[in-house]
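Input: a single structure, listed below in structure tokens.
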Amino acid sequence: MTELSGQKPSSETVDALVTELASIVGPKGWTTDPEVLAPRLEERRGLFHGATPIMVSPATTAEVSQVVRACAAANVPVVPQGGNTGLCGGAVPNESGSEVLLSLHRLNRIREIDPASNSMTVEAGCILADLQAAANEAGRLFPLSLAAEGSCQIGGNISTNAGGTAVLRYGNARELVLGLEVVLPDGQIWDGLRKLRKDNTGYDLKQIFIGSEGTLGIVTAAVLRLFPRPRSVVTAFVGMRDVDSALSLLNETRSCCGDSITGFELISRRCLEFCLQHIPGTRNPLEGEHAWYVLVELQSGIAGVGLRNSAEEAFATAFESDVIQDATIAENESQALAFWKIRESLPEAELHEGGSIKHDVSVPLPDIPAFIDQASEAVEKVLPGVRVVAFGHLGDGNIHFNVAQPEGDDKDAYLAKWGFVNEIVHGIVGSFDGSISAEHGLGRLKRDEVRHYKSPLEIDLMEKLKAAMDPDGMLNPGKVVR
Ligand SMILES: Cc1cc2nc3c(=O)[nH]c(=O)nc-3n(C[C@H](O)[C@H](O)[C@H](O)COP(=O)(O)OP(=O)(O)OC[C@H]3O[C@@H](n4cnc5c(N)ncnc54)[C@H](O)[C@@H]3O)c2cc1C
């Protein structure tokens, strides 16, 4: 996908800026090596390829600020990048070669873990999995968890308001942030690193930056909420006839187990088959065949068998009332991990089946069965032979509705239909008053399309916010808003 924004600065300006940036960040903090840059300039699914005169990797907030100031003075935009696992082209510069890429990976210190206030203060470039481990070592839980956690960074998670597998219980990144430190588009540093749970002193500025995909400020550090570590965990794999039954099971489990449900992941039979076929070491946890599966995870701060007893009661009631057909509860951690491996390998398994046109959408919970039915029927009608691959965080109303190419078709020819298929599926999402981007954001991929699904007033307010905070379009131009 190609599209340029902004005017290209002169080569003299860019050369002078490169020299200035190199002196700000020192020899370890920059590169123009095409081999090092190549993976940083490509969106993970290959949908966007960019160019840049330099990648800078500041090691301190002060350096980020100086870099941004220098770029603003030269009128050269900056594109912040974390782990580059985002899936909408937000972290990749455009093709003009006139945007500076700013990687946060060297800003990776844990500044403080404060168990008494159940918080930790961390820099934006910390890898998510490292933060989970650090919290665990301190006897606490940092619950944000997603399949990209080994490479995504907390700054990227915050900037995309990432969700993941435990939203049902702990919320999105938005609910996990107490305070932020942000470098603004003119280079000023906003120190909002507060640990307060209650602070009603006007606009909640941190929320403006969370989910703004690097278009309003560069997150350099955050105060994150920590939770007690769970003392009992139940992980189950359940088979059922249809998605309505999965929703009934969610209600039944809520009645028996309250808010201990942390994960409720829907998996279609086709997804499971792809996984068993392509991911070594996976096996079907259940004996028979079922049209749909749910991976349920429950956690409690109380040790003992109480949680398991409640889960068994919920599944027994659901079984007796014909809501579910079979269920198995993991007997130990390795079985639980095997269940999760199935869920987390689904995107990788899908890669082996050729091209897939993706939709990361949400609709109100009760409408999920109708959405899946209507969208499946619509795409199968216009493109016979396509294979619907539906899975996702059912408890949050968030479905990855992917449409895999017909077997044997040409991949590139199929992927050229991306926009056409999106229009059909997103149209149905819109009819349920849902969201065309439940998780991944807008970036460049959905920036224009979202205009069909938000009111002109909402778009106008978003554009006014961008213009007020970044009047010269210095931060991540062309992403989220025009
Ligand atoms: C296998 C896989 C599974 C995923 N699962 C989920 C999931 O379950 N739930 C979910 O919500 N998302 C999921 N995602 C997408 C998710 O948005 C990203 O994985 C993650 O949150 C992005 O972090 P990152 O560090 O890679 O950011 P990047 O991809 O580098 O950047 C994402 C956006 O944030 C901006 N940005 C990055 N760092 C900063 C910063 N410090 N300050 C300002 N802006 C910044 C970038 O400019 C870009 O616009 C998944 C992605 C993959 C590949």
Side-chain angles (χ1 to χ4, degrees), residues 39-45 48 50 57-58 61 64 68 77-94 99 101-108 122-129 131 144-167 171-174 176 180-185 208-222 263 265 343-351 358 360 362 391-393 396 398-400 435 437-447 470 475-480:
R40 302 288 200 153
L41 294 175
E42 185 171 48
E43 186 261 355
R44 198 184 148 94
R45 296 193 291 224
F48 298 96
S57 312
T61 302
V64 176
V68 172
V78 177
V79 177
Q81 187 177 85
N84 197 20
T85 68
L87 297 167
C88 55
V92 176
N94 70 26
E99 297 179 337
L101 182 60
L102 189 153
S103 166
L104 276 304
H105 74 272
R106 289 176 73 223
L107 207 67
N108 61 358
V122 306
E123 293 183 345
C126 292
I127 300 287
L128 175 57
L131 295 182
L144 186 64
S145 174
L146 44 109
E149 64 198 22
S151 49
C152 62
Q153 299 174 4
I154 192 66
N157 302 142
I158 291 170
S159 302
T160 55
N161 186 28
T165 52
V167 173
N172 291 302
R174 197 176 286 290
L176 301 174
L180 281 186
E181 177 187 83
V182 180
V183 170
L184 303 177
I208 292 173
F209 297 103
I210 300 172
S212 70
E213 301 181 48
T215 60
L216 302 179
I218 301 182
V219 174
T220 48
E265 299 289 313
R343 167 62 186 90
E344 296 195 331
S345 306
L346 297 180
E348 191 192 329
E350 229 191 316
L351 290 176
K358 316 273 188 185
D360 149 42
S362 64
F391 60 95
H393 314 297
D396 315 324
N398 172 201
I399 296 297
H400 296 294
S435 166
S437 185
E439 284 195 330
H440 301 157
L442 299 177
R444 282 173 68 184
L445 187 64
K446 295 181 183 169
R447 182 199 67 182
D470 183 15
L475 275 192
N476 226 357
K479 318 284 170 58
V480 182

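Everything numeric here is computed off the predicted structure, so don't read it as measured data. Just follow the structure's listing: the first ligand is 1, and inside any ligand the first atom is 1.
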Is there a donor-acceptor contact under 3.5 Å from the side chain of Asn476 to the main chain of Gly90?
yes

For the backbone of Leu87 and the side chain of Arg45, can you confirm whether one donor and one acceptor N or O come within less than 3.5 Å of each other?
yes

With no hydrogens and no angle check, do the side chains of Thr220 and Glu181 hold a donor and an acceptor under 3.5 Å apart?
yes

Any chance the side chains of Glu439 and His393 put a donor and an acceptor closer than 3.5 Å?
yes

Distance filter under 4.0 Å, heavy atoms only, around ligand 1 gives Arg44, Pro80, Gln81, Gly82, Gly83, Asn84, Thr85, Gly86, Leu87, Gly90, Ala91, Leu104, Ala124, Leu146, Ala147, Ala148, Cys152, Gln153, Gly155, Gly156, Asn157, Ser159, Thr160, Ala162, Gly163, Gly164, Glu213, Gly214, Gly217, Ile218, Val219, His393, Glu439, His440, Asn476

Work out which heavy atom in His105 is nearest to a heavy atom in Ser57; give both atom names and the distance.
CE1-OG, 3.3 Å

Please give me the minimum heavy-atom distance between Leu184 and Phe209, naming the atom from each residue.
CD2-CZ, 3.7 Å

